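All values below come from the heavy atoms of this structure, side chains included, with hydrogens, waters and symmetry mates left out. This structure is a prediction, so every number in the text was calculated from the model and none was measured. Chain A is the first sequence line, chain B the second, and so forth, proteins listed ahead of strands; every chain is numbered from 1.
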Amino acid sequence: KAGVTQTPRYLIKTRGQQVTLSCSPISGHRSVSWYQQTPGQGLQFLFEYFSETQRNKGNFPGRFSGRQFSNSRSEMNVSTLELGDSALYLCASSLATAGAGSYEQYFGPGTRLTVT
Amino acid sequence: LAKTTQPISMDSYEGQEVNITCSHNNIATNDYITWYQQFPSQGPRFIIQGYKTKVTNEVASLFIPADRKSSTLSLPRVSLSDTAVYYCLVDEDSNYQLIWGAGTKLIIKP
């Protein structure tokens, strides 16, 4: 069974630009969550999508948005990039959604975004 | 909302048993506790999950006392390859929130 894939793996953007990251979950998984990981802040939850609906959102500005398609693939978009957005962006998929009891997430390798 | 607290770092030696404790106040009866392992430049990987007493799998054990205010991940006979960051996570059943700890950097020495 193929794991979670994320594209691109590495990305360099300049301040003010926007970026779209893609995540393909494990086949059959309907939940996709996004995380931002920086050395100083650890894992920060961005949002979770389940069956094309956003179920949860973390404490991030509106510049961060996402969506999920009918095939469960998900994209996240960051507009008007800032230097502080440089981070590893991780996507995780699961069969169930948060709050459903036993809940195991499978993480992708991440997209390393550098903003200059 | 629950809050999770774990030690920032720990050291141990090959062949030892390592116990990492996570404190989590305000968790509800149905909230699950999960532990993940992360190596550099990789996404976290599921280790073990439970919500009461003790759970054991082929790589670790998870101990949760009756008051559920903490949980302990136990790694038996660690090796150098167990050097990683370990995260505890509380899955809040009532409001669908995932409360991640800040991670414990475990360094195993020869």
Take A:Q105 and B:L89 through the test side chain to side chain contact (heavy atoms under 4.5 Å, CB included) and record every step on the way to the result. CA-CA 11 Å; A:Q105 294 181 91; B:L89 164 68; 4.1 Å; yes

Quick check on B:Y36 against chain A: is it the side chain, the backbone, both or neither that has a heavy atom closer than 4.5 Å? side chain

Would one find more than 12 heavy atoms of other residues, nucleotides or ligands at under 6.0 Å from atom [atom1] of [X]?
X     : atom1 : value
B:F39 : CZ    : yes
B:D67 : CG    : yes
B:L80 : CG    : yes
A:R15 : CZ    : no
A:K57 : NZ    : yes
B:I8  : CD1   : no

Looking at B:P44, B:S41, B:G43, which one has more heavy-atom pairs under 4.5 Å with chain A than the rest? B:P44

Segment of A:Y35 engaging chain B (4.5 angstrom heavy-atom cut-off): side chain

So for A:Q6, is it side chain, backbone, both, or neither that comes closer than 4.5 Å to the heavy atoms of chain B? neither

Can B:Q42 and A:L90 be said to form a side chain to side chain contact (heavy atoms under 4.5 Å, CB included), step by step? CA-CA 9 Å; B:Q42 295 184 23; A:L90 292 161; over 6 Å; no

CD on A:Q44 to CH2 on B:W100, rounded to 0.5 Å: 11.5 Å

Scanning both residues in full, the closest heavy-atom pair of B:Q49 with A:E104 reads NE2-N, 4.4 Å

